[in-house]
Amino acid sequence: MSMSLHDFIQQQIEMIQGFDSSNNQNIQEVVRKTIKHYQLKSFEELEESSNGTLIYLYIHSMAEENILNRVVTLSTNMNSDMSVEAVYEGKVIRQY
């Protein structure tokens, strides 16, 4: 029997020690695990700069963006004001 998205997110949150639903890095970790588990075509890319490491999220399709936005909502205790765009601080590239 497959696990629902909600159950998967709850399981991932429990696995992250000291998970904080207001910490973007914690939410990004859940997004990464979701992309890997569900074999999505979206991906992250790291860029080194003088200001440190920047994380960009490349989104493959509108469907995947909707899934990832749902992941963010579930990870932030149903805070519908948060989006994948907010979690990645605007560093989102849509490839559709």
*With rounding to the nearest 0.5 Å, note down the distance linking CD in Q12 to CG in D7.*
11.5 Å

*asked:* Working note: L54 + L46, criterion side-chain contact (heavy atoms from CB on, under 4.5 Å); need CA distance, chi angles, decisive distance, verdict.
replied: CA-CA 6 Å; L54 302 175; L46 303 178; over 6 Å; no

*Atom CD in E29, atom NZ in K33: separation rounded to 0.5 Å?*
5.0 Å

*For residues N51 and S49, is any side-chain donor paired with an opposing acceptor at under 3.5 Å?*
no

_Which atom of S75 lies closest to which atom of I9, heavy atoms considered_ = OG-CG2, 3.6 Å

*Taking all heavy atoms of T76 and all of S21, pick out the closest pair and write down the distance.*
CG2-O, 3.4 Å

*When rounded to the nearest 0.5 angstrom, what is the spacing between OG in S22 and CD1 in I27?*
7.5 Å

_Side chains of S83 and N69 only: does a donor on one sit below 3.5 Å from an acceptor on the other?_
no

*Does anything in residues 28-51 pair up under ring-ring contact (aromatic ring centres under 6.0 Å, His included), and if so which pairs, sequence neighbours excluded?*
F8-H37, F8-Y38, F43-Y58

_Main-chain N/O of D20 paired with N26 side-chain donor or acceptor, under 3.5 Å_ = yes

*Hey, does V71 have a side-chain heavy atom less than 4.5 Å from the side chain of V30?*
yes

*Nearest-0.5 Å distance that lies between atom CD1 in I55 and atom CD in E45*: 11.5 Å

*Measure from the side-chain N and O atoms of S42 to the backbone N and O of H60, and report whether any donor-acceptor pair falls under 3.5 Å.*
yes

*Should L57 and L68 be marked as a side-chain contact (heavy atoms from CB on, under 4.5 Å) after you check the CA-CA gap, both sets of side-chain angles, and the distance that decides it?*
CA-CA 11 Å; L57 179 65; L68 297 176; 4.2 Å; yes

*Using the side-chain contact (heavy atoms from CB on, under 4.5 Å) rule, take I67 and V84 through it: C-alpha gap first, then chi angles, then the decisive distance, then the call.*
CA-CA 10 Å; I67 291 168; V84 72; over 6 Å; no

*Rounded to the nearest 0.5 Å, how far apart are CE of M82 and OG1 of T73?*
9.0 Å

*How many angstroms lie between atom CZ of R70 and atom CG of L5, to the nearest 0.5 angstrom?*
7.5 Å

*Using 4.0 Å as the upper bound for N to carboxylate O, is an ion pair formed by K91 and E44?*
no

*Cluster overlap L40 with M3, hydrophobic side-chain contacts below 4.5 Å*: yes

_Test item: E47 side-chain N/O and T53 main-chain N/O as donor-acceptor pair under 3.5 Å_ = no

*Side-chain donor-acceptor contact under 3.5 Å, Y96 with E64*: no

*Specify the closest pair of heavy atoms between Y88 and V31, including all atoms of both residues, with the distance to one decimal.*
OH-CG1, 3.6 Å

*Is there a path from M62 to I59 through hydrophobic residues (I, L, V, M, F, W, Y) whose side chains come within less than 4.5 Å of each other?*
yes

